[in-house]
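Read the structure below first, then the notes.
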Amino acid sequence: MAAQDAGRVTIADIAREAGVSLPTVSRVLNGRADVSPSTRRRVEELLARHGYRRRAAQTAGRAELIDLVFNDLDSPWAVEILRGVEDVAHASGLGTVVSAVHHRSTSARQWLVNLRARASDGVILVTSELAPELHAELRRLGVPTVIVDPAGVPTYGIPTIGAMNWAGGRSAVEHLLGLGHRRIGVITGPPTLLCSRARLDGYRAALESAGVRIDDRLVRQGDFSHEAGFASGSELIGLADPPTAIFASSDQMALGVYEAARQRGLRIPDDLSVVGFDDLPQVQWSPPPLTTVRQPLDEMGQVAARTLLRLIQGETLESPHLELATQLVVRSSTGPAPR
């Protein structure tokens with residue numbers, strides 16, 4: 001390690017020089033017993049050599065807990081994010097408290113009361129727009145915070161972890177265009193969410209690049225649920241000039257389109273091609289397996305947890321806003337446009 005000022009050295013630098021993981025250094029700093037004596041000596045020697053000092057806030061009593069807060073927990077993608085957060089938290093010796101605030105201010109206030117009582121070390125908020133009063137209280141409590149899949153444009157300088165939603169939406173529609181489809185419907189998520197707007201913009205960008213006129217009659221708004229996919233899919237299929245393909249901006253809505261097509265006697269992909277977004281584990285087993293845009297939900301949870309650990313340790317982030325790559329996964333729900 002190059003010579004550094006004591007105030008600039010991070011536990012990541014110590015871990016790199018010691019040849020151990022960041023959680024191992026964290027365990028040494030917290031006086032945990034689950035570190036081998038030789039590893040502990042090596043880490044402690046490096047900490048002393050580089051004059052590493054933890055901030056006063058960090059040396060105070062630690063709860064060894066992080067809060068993971070969702071608006072709702074009834075979506076399968078929430079489980080994937082939780083899995084990623086739990087993997088990193090468990091490896092670091094931290095417990096995870098999971099809450100759902102259900103978009104209600106009373107729930108948010110009660111969660112804050114519980115957070116103060118727990119004295120959690122940090123917070124991960126999922127698909128949230130940080131209200132000014134909530135942000136002010138978290139700052140007052142000195143609780144490091146990370147947002148996964150922010151609802152709106154990132155504000156307040158709080159780190160965010162998201163996915164390349166625009167690119168994902170564009171790749172989904174470009175795939176359908178490449179199969180000869182020109183009447184392509186889209187079912188969006190809630191317009192208040194940044195990811196919904198980005199996926200819709202990707203849809204429009206793909207059509208415009210291909211010289212295909214955007215028909216607003218083929219655009220429906222959903223809420224990422226199976227029910228919304230069924231309702232909007234039924235409307236699109238029932239048009240006098242229906243689409244030959246539908247891009248549903250969540251896998252759950254795509255499976256709702258499946259049911260709408262089945263009830264109309266349509267075959268997928270012979271009569272209607274369908275693309276989803278998320279790549280939830282179950283969609284590879286749906287009849288037929290769903291073509292979808294893979295959103296790295298598990299990895300987003302892992303990156304959010306690692307980012308939060310760095311904040312808890314007082315480290316400076318190289319970039320406060322990260323977007324992880326999406327990837328089109330082609331399966332059997334898409335085929336050539338019907339003649």
Side-chain angles (χ1 to χ4, degrees), residues 10-12 14-15 21-32 52-71 73 78 81-101 107-151 154-162 297-322:
T10 68
I11 65 169
I14 299 296
S21 68
L22 188 149
T24 296
V25 178
S26 178
R27 285 193 284 270
V28 172
L29 284 165
N30 290 320
R32 294 277 298 276
Y52 181 85
R53 294 290 182 272
R54 298 180 72 185
R55 296 180 305 173
Q58 292 172 283
T59 56
R62 288 274 303 278
E64 303 294 340
L65 286 175
I66 60 173
D67 268 56
L68 176 59
V69 185
F70 296 88
N71 284 324
L73 282 169
I81 291 176
L82 172 58
R83 192 193 318 277
V85 172
E86 274 279 88
D87 285 347
V88 173
H90 178 75
S92 304
L94 296 174
T96 306
V97 178
V98 181
S99 305
V101 296
S107 296
R109 285 196 296 271
Q110 184 58 52
W111 169 71
L112 274 174
V113 170
N114 295 338
L115 177 71
R116 285 194 292 267
R118 284 191 293 272
S120 291
D121 300 312
V123 172
I124 297 174
L125 300 170
V126 183
T127 316
S128 297
E129 191 155 25
L130 200 58
E133 59 273 18
L134 178 60
H135 173 253
E137 182 62 10
L138 289 173
R139 287 193 64 179
R140 191 187 71 77
L141 294 172
V143 180
T145 304
V146 175
I147 298 179
V148 176
D149 210 4
T155 55
Y156 305 117
I158 291 180
T160 62
I161 311 297
L297 298 168
D298 180 277
E299 185 182 356
M300 288 164 66
Q302 291 182 23
V303 172
R306 292 193 191 104
T307 301
L308 186 62
L309 283 174
R310 293 186 62 187
L311 292 176
I312 291 170
Q313 297 297 342
E315 298 183 24
T316 301
L317 304 178
E318 293 79 13
S319 174
H321 307 302
L322 296 178

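As the structure is a prediction and not an experimental result, all values here were calculated from the model. Quick note: residue numbers are just sequence positions, from 1.
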Quiz item: Is the backbone N or O of V126 less than 3.5 Å from a side-chain atom of D149, with the two atoms forming a donor-acceptor pair by type?
Solution: no

Practice problem: State the CD-CD1 distance between Q302 and I161, to the nearest 0.5 angstrom. | Solution: 12.0 Å

Quiz item: Which pair of non-hydrogen atoms, one from L311 and one from P144, has the smallest distance, and what is that distance?
Solution: CB-CB, 3.8 Å

Quiz item: Which value, rounded to the nearest 0.5 Å, describes the distance between H321 atom NE2 and I158 atom CD1?
Solution: 9.5 Å

Quiz prompt | W111 versus L125, closest heavy-atom pair with distance | solution = CH2-CD2, 4.3 Å

Quiz item: Do D298 and D87 come within less than 4.5 Å of each other through their side chains, counting heavy atoms only?
Solution: yes

Quiz item: Between R310 and T316, which heavy-atom pair has the shortest distance, and what is it?
Solution: NH2-O, 3.2 Å

Quiz item: Measuring from L115:CG to S99:OG, what's the distance to the nearest 0.5 Å?
Solution: 8.5 Å

Quiz prompt | Distance, nearest 0.5 Å, that separates OG1 of T96 from CG of L65 | solution = 8.0 Å

Quiz prompt | Reported CG-to-CD distance for the pair L308 and Q313, which is rounded to 0.5 angstrom | solution = 10.5 Å

Quiz item: Going by heavy atoms in the side chains, are I312 and I66 under 4.5 Å from each other?
Solution: yes

Quiz prompt | Interatomic spacing from OG in S120 to CG in L94 - rounded to 0.5 Å | solution = 10.0 Å

Practice problem: Would you check if the side chain of T145 reaches a backbone N or O of V143 as a donor-acceptor pair within less than 3.5 Å? | Solution: yes

